[in-house]
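Ligands are counted one by one from 1 in listed order, and the atoms in each one are counted from 1 as well. It should be emphasised that the depicted structure is a prediction, and the values quoted were computed from it without experimental measurement.
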Amino acid sequence: MTERYDAVVIGTGQAGPSLAVRLAQAGRKTAIVERKRIGGTCVNNGCVPTKTLIASARTAYVARRASDYGVTIDAPIRVDMAAVKARKDAVVRHSTEGITRWLGSTPGLVTIEGHARFESPRTVRVGNRMLEADQFFINVGGRALVPDMPGRDEVPYYTNSNIMDVDFLPEHLLIVGGSYIGLEFAQMYRRFGSRVTVVEMGPRLIAREDDEVSAAIKEILEAEGIAFRLNAKCVALEPRSNGISINVSCDEEPREISGSHLLLAVGRVPNTADLGLDKAGVSTDARGYIQVDEQLRTSVPGIWALGDANGRGAFTHTSYNDFEIVAANVLDGESRKVSDRIPTYALFIDPPLGRAGMTEREIRAAGRRALVATMPMTRVGRAFERGETQGFMKVLVDPDSQCILGASLLGIEGDEVVHSLLDAMYAGAPYTVIRRAMHIHPTVAEFIPTLLGGLKPLA
Ligand SMILES: Cc1cc2nc3c(=O)[nH]c(=O)nc-3n(C[C@H](O)[C@H](O)[C@H](O)COP(=O)(O)OP(=O)(O)OC[C@H]3O[C@@H](n4cnc5c(N)ncnc54)[C@H](O)[C@@H]3O)c2cc1C
């Protein structure tokens, strides 16, 4: 028998639950479908657990450095991985239970467990239930890309999902992929006490960032004992009696690196191949991302796509912003669009990288003129006082409008301080507003006006 709804939301990622609740509160009979765990990637095996694990890793790091601060710890620092995992599980449980309760207690909203698949533009099958609705909102997210590299099926490997089950210390963790996810795990496991080697196919880490950001991050992580193998052009995996070996290069020595465990962190793919999109007539691009317009409408009227699966963002905040855009347009009679938002994100190594707007590379590629200012964190009093002076701050400004084009803040609190620049960008204010602002001493943010005082033409 067909069940009739006004709206069906597929997936409980970072957009789906908020949207389903808003739809139900607006009096629309709504169903939300989830095939795995309520809360999706961020809550179960993305942001929430990684940042929780990073907090444990940082505690171990600070404890080992205690004597630098005149604090004596009269015992070796040990990391109890089972306790670390238990703490992470409790934090994740707190989030998933909260979302489950929220959905369950919303009148007019039904949560359905199972895999949703379109049968037509207006019907979705979940097991033996058929759901019919006027509006569908797809929030199916993505999963780790497991590339078809030689030897892949002969070795055990982790992705960001199953590494969440680890409750022991890997002796030597090999990580294929030197970008955001790989580097967060690299520093985390190094601080837990593992040997860590990162294998990256490109000539530098996190290729999307400016060269000096990549170089500084490599230096920071190397100082903690993480080994890197860049330009690993022909990666092949092989089992060994005590672990895994990776053939990293066809010509450069050493050609092979061995370790006890392997994490693949080479990118993400959207969960769209098994959604029956062809039956609904929803178009995707060559990589499987659902094609959407500025208001996140797909090629089929009445079907929207939100979150990572639409290829317009790959973060929790972009997915949540997708919810806000769709809710504003569908429920509030507003006209919001994706291009209103400014790209922003952080890399949560320690110290973190906070990013907003364009990189220098993007500015140059666009042929734009810019003013640039940089400041090493050694000049920031707060960083000095904390004994954490790694990194630098960089800001780029349009010389004509005086508006901020972009910022890369690699240093303590960089993920927080970047919002001072981001909000000025949203306000469309010239940089001189912050240049003349009085900030609190002693903070990292107090140096943003000083940083802006050093702007020079980009060579
Ligand atoms: C290790 C890691 C760390 C990260 N850290 C950060 C961070 O610090 N900050 C940040 O902003 N972002 C981070 N991200 C990215 C962030 O997790 C995602 O961008 C975010 O979860 C948004 O995802 P989403 O809303 O598109 O869907 P997801 O969270 O991926 O959820 C989609 C849901 O849909 C379900 N689903 C899929 N197909 C179907 C179907 N056919 N039927 C029913 N249900 C289905 C899935 O089971 C899943 O629960 C991280 C990601 C990873 C992997």
Report yes if [X] has an N/O atom closer than 3.5 Å to an N/O atom of ligand 1; otherwise report no.
{"X": "Phe185", "value": "no"}
{"X": "Gln14", "value": "yes"}
{"X": "Asp274", "value": "no"}
{"X": "Ala314", "value": "yes"}
{"X": "Asn271", "value": "no"}
{"X": "Glu184", "value": "no"}
{"X": "Arg268", "value": "no"}
{"X": "Glu34", "value": "yes"}
{"X": "Gly307", "value": "no"}

Can you tell me if Arg190 uses its side chain to pair, donor with acceptor, with the backbone of Phe192 under 3.5 Å?
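Such a contact is absent between Arg190 side chain and Phe192 backbone.
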Of the listed options Asp308, Ile38, Thr41, closest to atom 18 (C) of ligand 1 (non-hydrogen atoms):
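Among Asp308, Ile38, Thr41, the closest heavy atom to atom 18 (C) of ligand 1 comes from Asp308.
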Could you check which of Pro17, Gly40, Gly46 puts a non-hydrogen atom nearest to atom 2 (C) of ligand 1?
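The option holding the nearest heavy atom is Gly46.
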Any Lys/Arg nitrogen of Asp211 or Arg361 sitting under 4.0 Å from an Asp/Glu carboxylate oxygen of the other?
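The answer is yes: the pair qualifies as a salt bridge.
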Between Ala24 and Pro107, what is the shortest heavy-atom contact and its length?
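Distance-wise, the nearest heavy atoms are CB-O, 3.6 Å.
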Does Phe118 have its ring centroid less than 6.0 Å away from the ring centroid of Phe136?
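Under 6.0 Å, so yes.
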May I ask you to list the atoms of ligand 1 that are less than 4.0 angstrom from any heavy atom of Gly114?
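Close to Gly114: 42 (N), 43 (C).
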To the nearest 0.1 Å, how far is atom 9 (N) of ligand 1 from its closest protein heavy atom, and which atom is that?
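Ranked first by proximity to atom 9 (N) of ligand 1 is Cys47 SG, 3.9 Å.
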